[in-house]
Each structure stands twice: as C-alpha cells, then as structure tokens.
Amino acid sequence: MTYDEKIEAEPAKLALNYTREAGLLPEPVPLDPYRTKDFFEAERDNVFGRSWLVLARIEELPNIGDYLVREIEVLGASVILTHARDGQIRAFHNVCSHRANQVVWDKKGNASRLLCRYHNWTYGNDGRLIGVPDEGSFENLDKAKCGLSKITCEVWEGFVFVNLERQPSTTLKEFLGDLGPYLEGIEYKYADNPIVIEAELECNWKVALDAFMEAYHIPAIHANTIGKTFSSQDNKFAHILGARFFGPHRSAALYGNPDYVPSGEAYVERLAYEAMGTANVVAAGSKDDMASYLAHPAVNFPKAKEWVHDVHVIFPNFHIDTGQGGFLTHQFWPLTPNTCRYEARFYIAEADNARLRFMQEAYICRVLEVLLEDLSNVKRTQRGIDSGGKDFMVLQQNEVMIRHSVHHVERWARAHSVAEATA
Ligand code: FES
Ligand SMILES: [Fe+2]
C-alpha cells in the first residue's frame, strides 16, 4: 500500500504530525543500514560518493597560499583545499601526477607552491604543474595535462563543500534546494575561533548522527547536566517546538525551559550564566551580541520564548546547530560499518576579559560533560544493533529527524542516480 493509500484508508491514525509532515509513515525503521557491509558499500558509493560534503569553513583558509588537507576515509580520498592568488578556494586530490604519491603530508600550511617530496614535482596552488626535475628525460610529457586532479568545490555561506563525483549530478544550489535560501544570511559569529573536538567512535556514523537529532534522550541520559534546561514540568519529555523538511535535509527547533534556574549548590553554573539574561542554555556569547543573529527567520523559527537551539542537518552528515549563544557544528564520517570519526566545532568569542574567559571555560566543561554522556553511549547502541537481537527500531514523533535521515540515506543508497534518489 502506498503512503497516500494508507492516508486514505486510515486518516485518523495519520493526523497531522511531524512524521506525516516529513512525508513518512509511523512504521518501525530497519537496523540493517546500521550494520551490514552491503549497505555500507552502497552508502559509500551512492550517498557519500554523490553528495556535496562540507570540508571546512573559509576562515580556516584566510590567506593566499593557505592550504588544508582533509581525509574522506570512506571514499579513500585525501583532499587538498587551497586559497590561490585569484582568491578562489579550490579542491584537488592529494595525489601526484607523476607516480601518485601523496603530495602534501602535513594537515595545513601556507606555501606558494606544493611540492611532492618523492621526486620534487611542484604545483601551483591553482593546481597547475609548474616544475619537473630532469624534465628532458621524459618523452611526450604534456605538463598542461599533468596538474593536480580537480575536485568540484563550492563555497556557500562560508562553508566549503566538495563533490567527489567526476561530473557532479547536481550543483550545490540544486543539492541544498529550499534549505539553501532558508539558512542564507545567518550571521556565523566567531567563525574564526572554533574549539575543535575530534574522536573515533565505535559505532556506525548514523548512530552518532542520530544521538544529536532528538531531545527525547535528554531528560534521561543528561539528567545531571542539561536535563532540566531542555525539559520542564510543562514539557517533561523535551518535545520539540517544530520541524521542517527540505528534500533530504531537515531542521528542528528544540525546547528550552524558560524558567530554569541553576540550583543553589551549582555555584559555578550560577556565576557563569549570571550575565546571560537567561540561564536555560549553555552558551558562549551574550544575548546582546547575538541580537541580529537571533532575528534571522531560521534561528528559532517559531520565535518561541521556550527555545534553546536549532538543529539544521545538511544531508548526509553535517549539523549546524544555532543556539542562543552562537553556533556549533557536528560532523560524522563513516570509517567501517561500525566505526566512525566525529568532529565537533564550537565557535566562541575571543575572550577579552576575565569574566568572559570564565564563562567560556564553564561552557567548555559543560559541553564536554554533555558530549561524554552522548558519546559513551553510542558504543552500547552499536553493540545492541550488531548483536542481531533486533531487526527494527521504533521511533516516536519527536525522533522524526532520525526517521527522515534513515529514509533519505536508504533512498540515496539504493538509487541508481541522484535524479532517482531525489525524484
Ligand atoms: S610521485 Fe610525486 S614527484 Fe614522483
Ligand atoms: Fe545528547
């Protein structure tokens, strides 16, 4: 029975709710996409191999000559991002045109040319091959054809995206669809000052991704940290304020308890958040600094008093969370069917006084506590999934982002083309 037929047959059961708004059915969700080698391979080729993937922010390459190397393990790709003299950010395979050695061995730097240390071939940061030692001994060497192999790269709102397809099936604009204009214009404050957290996790990348796409777990697993800021007597289970869906991408606004006050013994927390005007959020900036950012229509889209932060997810693996005190990002990279690499970046103001520095230290400690609660749990979830004890998981409405994510990952993984996946 198709979705539309089911709606016709059981209209009452499918009353307007997030699941239906996402165009989905309230059915159990299969666990095989979280564990099988076959699915992992389909995901590698058809999801990561065909999607636009965020690799950096432009603030990481501010000067001419800056370069960064990023690994996309699932695709076996090492990518060099460069900032050339013409101001453009470009991406190349980190592979020498001579005998395919890796050209750049460090993670970042600044250089007017890139040197492959095997035999000293050199490249401009626009990718052109500019120097070949003992060139005369090569027969028929066409240097113009021996530049670094280009990877399609575009910058959107300061985020540097690449697409590893040789001929990308979509432009970045097409890929982002309606999410693009929805998020455009958000002021990404302090984007040049991230705290970076990186970890290898013993779980499928989607298990970790899912852990940051619902608030249902917060009163339970985060009871001693942020449980009381994301829930209240009025909203015991941290129901979300709303969700929006944009093709394979999604966005939700999370509830925050507007009446939250740190307990009497929480001296450090009280002191740290005194300056915030609201105590219901972990944050690094103050509300005044954030006024124009908070006015953006996609930041707290319901414009609710009971709001704590938004989770915007760019398919397949990138989260931009916009909160009261600024933004942060999470990214989840598959390594094997049951391991992944996690990267988080928390963007904060440069502290120019002791009070702000103290607030930030308190913020960082809180963030780490909360992350440890999340990340120490994902291994247990994967253990359960891999045991084969269950073939499905059941999701409630407020976990709709997970349902939407798995649905679109499955759709892309099984589709023969991007056109078919997005039809
Ligand atoms: S492999 Fe790079 S110079 Fe030989
Ligand atoms: Fe969490």
Side-chain angles (χ1 to χ4, degrees), residues 67 69 78 80 92-106 111 113-124 127-138 141-143 145-149 197 199 201 203 205-231 237-240 252-257 280-283 308-311 313 319 321 323 328-332 340 342 344 346 363 365-382 395-396 398-399 401-402 405:
Y67 64 85
V69 174
S78 174
I80 313 173
F92 304 99
H93 283 281
N94 186 12
V95 180
C96 183
S97 307
H98 176 220
R99 277 177 32 218
N101 195 31
Q102 288 209 318
V103 178
V104 181
W105 298 354
D106 43 6
R113 50 187 58 192
L114 303 171
L115 171 74
C116 176
R117 285 184 260 172
Y118 199 173
H119 312 90
N120 284 348
W121 281 35
T122 48
Y123 302 87
R128 273 179 314 122
L129 174 63
I130 51 182
V132 176
D134 195 18
E135 192 178 334
S137 294
F138 285 89
L141 179 71
D142 184 350
K143 272 166 72 188
K145 287 195 180 141
C146 290
L148 295 172
S149 302
I197 292 168
L201 305 175
C203 66
W205 68 280
K206 296 187 296 301
V207 168
L209 175 97
D210 295 355
F212 296 93
M213 280 199 298
E214 49 88 2
Y216 181 37
H217 73 283
I218 293 179
I221 212 158
H222 299 304
N224 297 322
T225 51
I226 51 170
K228 293 199 177 76
T229 65
F230 282 69
S231 64
F237 301 109
H239 287 170
I240 59 178
L254 304 194
Y255 172 90
N257 177 1
N280 77 352
V281 65
V282 284
V308 64
H309 79 246
D310 310 298
V311 180
V313 186
H319 286 205
D321 286 12
L328 57 101
T329 61
H330 298 285
Q331 201 162 20
F332 308 88
C340 68
Y342 168 66
F346 297 84
Y363 167 65
C365 291
R366 177 45 57 94
V367 160
L368 289 175
E369 275 181 312
V370 174
L371 281 182
L372 281 173
E373 287 170 339
D374 287 314
L375 300 179
S376 60
N377 194 52
V378 291
K379 185 177 171 182
R380 287 186 278 267
T381 305
Q382 189 64 42
L395 298 173
Q396 59 126 310
N398 291 279
E399 295 172 296
M401 301 250 286
I402 299 174
S405 166

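Start at 1 and go down the list; that is how both ligands and their atoms are numbered. Both backbone and side-chain heavy atoms feed into the values below; hydrogens, waters and symmetry mates do not. Keep in mind the model is a prediction, meaning the values are calculated, not measured.
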> Could you tell me the residue and atom name of the protein heavy atom closest to atom 1 (S) of ligand 1, and the distance to it rounded to 0.1 Å?
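Ranked first by proximity to atom 1 (S) of ligand 1 is Arg99 N, 3.4 Å.
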> Please find the N/O/S atom of His217 nearest to the Fe ion (ligand 2) and write down its name.
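Relative to the Fe ion (ligand 2), the closest nitrogen, oxygen or sulfur of His217 carries the name NE2.
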> Examine the side chains of His217 and Asp374 and answer whether a donor and an acceptor come within less than 3.5 Å of each other.
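The answer is yes; a qualifying pair exists.
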> I'd like to know if the Fe ion (ligand 2) has an N/O/S atom from Glu373 within less than 2.8 Å of it, counting both backbone and side-chain atoms.
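Not a single backbone or side-chain N, O or S atom of Glu373 is under 2.8 Å from the Fe ion (ligand 2).
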> So, the side chain of Asn94 versus the backbone of Val103: is there a donor-acceptor pair under 3.5 Å, distance only?
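Answer holds: yes.
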> With the Fe ion (ligand 2) as the reference point, give the N/O/S atom of Asp374 that is nearest.
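Restricting Asp374 to its N, O and S atoms, the minimum distance to the Fe ion (ligand 2) goes to OD1.
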> Hey, would you say the Tyr342 and His330 ring centroids sit under 6.0 Å apart?
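They qualify: ring centres under 6.0 Å apart.
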> Can you tell me how far the CD1 atom of Ile218 sits from the CZ atom of Phe237, to the nearest 0.5 Å?
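Nearest 0.5 Å value for the CD1-CZ distance: 14.0 Å.
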> When you look at CZ of Phe138, are more than 12 heavy atoms from neighbouring residues, nucleotides or ligands closer to it than 6.0 Å?
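Yes, CZ of Phe138 has more than 12 neighbouring heavy atoms, counting only those of other groups under 6.0 Å.
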> Which of the atoms of ligand 1 are close to Tyr118, meaning less than 4.0 Å from one of its heavy atoms?
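Those of ligand 1 that fall under 4.0 Å from Tyr118 are 1 (S), 4 (Fe).
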> To the nearest 0.5 Å, tell me how far Thr122 OG1 sits from Leu129 CG.
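Answer rounded to 0.5 Å: 6.5 Å.
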> With heavy-atom distances below 4.0 Å as the criterion, list the atoms of ligand 1 near Asn101.
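That gives atoms 1 (S) of ligand 1.
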> In His98, the N, O or S atom nearest to atom 4 (Fe) of ligand 1 is which?
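That would be atom ND1.
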> With a cut-off of 2.8 Å, does Cys116 put an N/O/S atom close enough to atom 4 (Fe) of ligand 1?
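It does not: Cys116 brings no N, O or S atom closer than 2.8 Å to atom 4 (Fe) of ligand 1.
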> With a cut-off of 2.8 Å, does Cys96 place any N/O/S atom under that distance from atom 4 (Fe) of ligand 1?
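Not a single backbone or side-chain N, O or S atom of Cys96 is under 2.8 Å from atom 4 (Fe) of ligand 1.
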> For ligand 1, which atoms sit closer than 4.0 Å to a heavy atom of Trp121?
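Under 4.0 Å from Trp121, ligand 1 has these atoms: 3 (S).
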> Could you pull out the closest heavy-atom pair between Ala211 and Val378, with the gap in Å?
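Answer, listing the atom of Ala211 first, then Val378: CB-CG1, 4.3 Å.
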> Quick one: does Thr225's side chain have a donor or acceptor within less than 3.5 Å of a partner on Val370's backbone?
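Pair absent, no side-chain N/O of Thr225 close to backbone of Val370.
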> Nearest N/O/S atom of His119 with respect to atom 4 (Fe) of ligand 1, by atom name, please.
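In His119, the N, O or S atom with the shortest distance to atom 4 (Fe) of ligand 1 is ND1.
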